[in-house]
2 protein chains.
Amino acid sequence: MAIIAVGSLALDSINTAKGARKRILGGSLTHFANAASFLSKPLLVGVVGNDLGNDNWEFIKSKAGSTEGIVHLDEEKCFFWEGVYSDDYEKLETVRTELNAFAKFNPVVPDSYKKETFILFLANIDPVIQEKVLAQSRGSMLRILDTMNFWIKNSRENLDRALDEVDGILINEEEAFLLTCEKNIVKAAEKMFRPSFKIVIIKKGSGGSMIFGPDFIITLPAFPLHEITDPTGAGDCFAGAFMSYLDHNRIRDYKREVIKNAAVYATVVASFSVEDFGVEGLRKITARDINNRCREFRKMAAFK
Amino acid sequence: MAIIAVGSLALDSINTAKGARKRILGGSLTHFANAASFLSKPLLVGVVGNDLGNDNWEFIKSKAGSTEGIVHLDEEKCFFWEGVYSDDYEKLETVRTELNAFAKFNPVVPDSYKKETFILFLANIDPVIQEKVLAQSRGSMLRILDTMNFWIKNSRENLDRALDEVDGILINEEEAFLLTCEKNIVKAAEKMFRPSFKIVIIKKGSGGSMIFGPDFIITLPAFPLHEITDPTGAGDCFAGAFMSYLDHNRIRDYKREVIKNAAVYATVVASFSVEDFGVEGLRKITARDINNRCREFRKMAAFK
């Protein structure tokens with residue numbers, strides 16, 4: 001089995017209470033692959049510009065099963081995003097977004113990616129691009145889409161068309177409220193859950209996560225952290241770890257207990273990612289660290 | 001074993017997105033006893049005025065092991081509180097507070113309450129009253145204090161003195177931040193955790209709860225609800241159910257797994273309380289309903 005994933009490969013400038021970083025490696029696809037790579041190296045579809053830097057490219061390659069689907073646009077710069085978090089990390093202000101290479105991106109899913117059974121992750125990205133990838137990925141076992149406020153507000157029709165083609169959505173709590181005009185999370189999930197869906201995953205930041213299946217609800221707390229440094233990409237890391245768990249364990253039947261275990265694993269992996277800037281939180285750990293923290297999380301949150 | 005509890009018996013006027021109620025039975029002690037009563041009827045210390053009404057008094061008596069410690073001030077009215085919740089229940093505006101009988105309350109803990117081993121709960125109330133009850137309750141096995149913004153801001157010295165005399169605190173997340181000037185929940189808990197403490201319980205509303213012991217952290221999600229009607233008293237209900245679990249099971253050693261089970265039980269009991277106004281959410285259920293929802297919660301949140 002394999003994971004095919006499309007999303008952004010970006011340079012980010014980030015300000016938090018813990019400090020600032022300029023033009024560090026980021027993007028939804030980068031964080032997804034970084035978190036997935038402990039169990040399964042995804043096959044990537046994306047675009048980079050001329051200013052990514054060799055170290056960043058080597059890093060992305062090391063986390064990928066293949067980068068054949070990544071286009072290099074030598075005339076363009078990388079997608080760039082600048083954001084500032086409030087001191088309590090509850091608010092995020094986007095200072096600047098430059099689409100750059102992203103604006104000219106026409107995704108192509110290489111045939112080599114589709115040789116074995118695959119699951120498909122459409123990371124947070126223009127729904128038009130998500131649709132194009134969906135059109136080239138018939139026969140995928142599970143198709144999950146992430147999105148954000150910007151596309152919900154400005155690209156609703158395209159987003160709705162993309163949603164018609166997937167098996168589930170992964171979304172932040174506030175975005176779920178925005179998408180459904182609901183204020184209750186259970187009602188929002190019900191409204192999002194289309195008849196064709198297998199799963200709805202709602203990320204609640206420090207409030208943990210909730211997952212809705214056709215016949216179950218799962219609710220899990222976040223892993224309690226003493227220090228948060230940079231929450232950027234935590235949701236993408238959750239997604240990457242979650243999908244890698246399904247892929248690694250060759251899950252074909254998305255039942256409550258399996259999904260719960262995948263979510264516990266994803267909760268723990270995502271917790272490392274916010275402990276340092278950009279990809280650094282996960283760069284410095286091993287599978288052993290993840291297992292140890294899973295054990296710790298079990299002590300804190302598991303009950304009979 | 002027994003529970004002695006002091007707090008307010010009040011009349012509340014409440015406005016929420018689901019409707020409004022005028023002068024219904026409320027108060028921290030009422031909600032505490034209401035939630036505790038499924039496992040253990042607490043011995044109450046409090047004050048009521050001349051406008052409580054016979055039905056409300058009968059209700060309170062039915063939830064209490066004894067009301068000998070409740071003073072009736074016939075010249076005064078009951079403590080009165082009026083509040084309005086925002087549509088998403090995230091904000092609460094206090095419209096009016098009238099201390100009434102409460103202003104003249106001099107608590108007396110009857111000797112009859114202290115015949116057997118007891119645990120003591122100081123519900124949200126003036127810390128001066130909490131101190132007076134503490135002074136009359138030497139030898140209690142476990143003393144837990146609840147408090148709120150108002151006392152943290154306006155009665156800090158008295159509150160600190162009361163905190164010197166207890167084994168633990170039960171507090172809302174925002175109040176924990178206010179008390180400690182921290183913005184991270186783990187750091188706030190560490191700062192609150194005095195050397196003499198056995199436990200710190202932090203209620204996070206729809207974000208669940210966290211409990212800190214000398215050598216453990218517990219984190220649990222809230223029970224996911226389709227409808228919320230009135231969150232008033234949910235924290236007191238959590239406290240009442242939590243303490244009743246410890247009392248009912250004769251817990252003397254506050255270890256991780258026992259505390260976790262008490263918190264799971266309290267999470268479920270508190271979830272019923274917010275489904276209707278005032279005491280009604282718990283009035284209409286039985287122990288069987290609680291057990292069924294505990295089973296449901298286990299399916300949603302328990303993992304191995």
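Below, chains carry the letters A, B, ... as their sequence lines are ordered, and counting in each starts from 1. Just so you know, these numbers use all the heavy atoms, side chains as well, and skip hydrogens, waters and symmetry mates.
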> Which atoms form the tightest heavy-atom contact between L220(B) and A301(A), and what is the distance?
Replying inline: CD2-O, 4.1 Å
>> Which atoms of A222(A) are under 4.5 Å from chain B, going by heavy atoms: the side chain, the backbone, both sets, or neither?
In response: backbone
> Can you list the residues that meet the ring-ring contact (aromatic ring centres under 6.0 Å, His included) rule with F303(B), with sequence neighbours excluded?
Replying inline: F297(A)
So for [X], is it side chain, backbone, both, or neither that comes closer than 4.5 Å to the heavy atoms of chain A?
| X | value |
| --- | --- |
| I185(B) | neither |
| L225(B) | backbone |
| A189(B) | neither |

Across chain B and chain A, what donor-acceptor pairs are shorter than 3.5 angstrom?
unit_1: N184(B); atom_1: ND2; unit_2: L225(A); atom_2: O; d: 2.9
unit_1: N184(B); atom_1: ND2; unit_2: H226(A); atom_2: O; d: 3.2
unit_1: K187(B); atom_1: NZ; unit_2: E227(A); atom_2: OE2; d: 3.1
unit_1: E190(B); atom_1: OE1; unit_2: H226(A); atom_2: NE2; d: 2.7
unit_1: E190(B); atom_1: OE2; unit_2: H226(A); atom_2: NE2; d: 3.0
unit_1: T219(B); atom_1: N; unit_2: M300(A); atom_2: O; d: 3.1
unit_1: L225(B); atom_1: O; unit_2: N184(A); atom_2: ND2; d: 2.9
unit_1: H226(B); atom_1: O; unit_2: N184(A); atom_2: ND2; d: 3.2
unit_1: H226(B); atom_1: NE2; unit_2: E190(A); atom_2: OE1; d: 2.7
unit_1: H226(B); atom_1: NE2; unit_2: E190(A); atom_2: OE2; d: 3.0
unit_1: E227(B); atom_1: OE2; unit_2: K187(A); atom_2: NZ; d: 3.1
unit_1: R256(B); atom_1: NH1; unit_2: K299(A); atom_2: O; d: 3.2
unit_1: K260(B); atom_1: NZ; unit_2: K299(A); atom_2: O; d: 2.6
unit_1: K260(B); atom_1: NZ; unit_2: A302(A); atom_2: O; d: 2.6
unit_1: R298(B); atom_1: NE; unit_2: K304(A); atom_2: O; d: 3.1
unit_1: K299(B); atom_1: O; unit_2: R256(A); atom_2: NH1; d: 3.2
unit_1: K299(B); atom_1: O; unit_2: K260(A); atom_2: NZ; d: 2.6
unit_1: M300(B); atom_1: O; unit_2: T219(A); atom_2: N; d: 3.1
unit_1: A302(B); atom_1: O; unit_2: K260(A); atom_2: NZ; d: 2.6
unit_1: K304(B); atom_1: O; unit_2: R298(A); atom_2: NE; d: 3.1

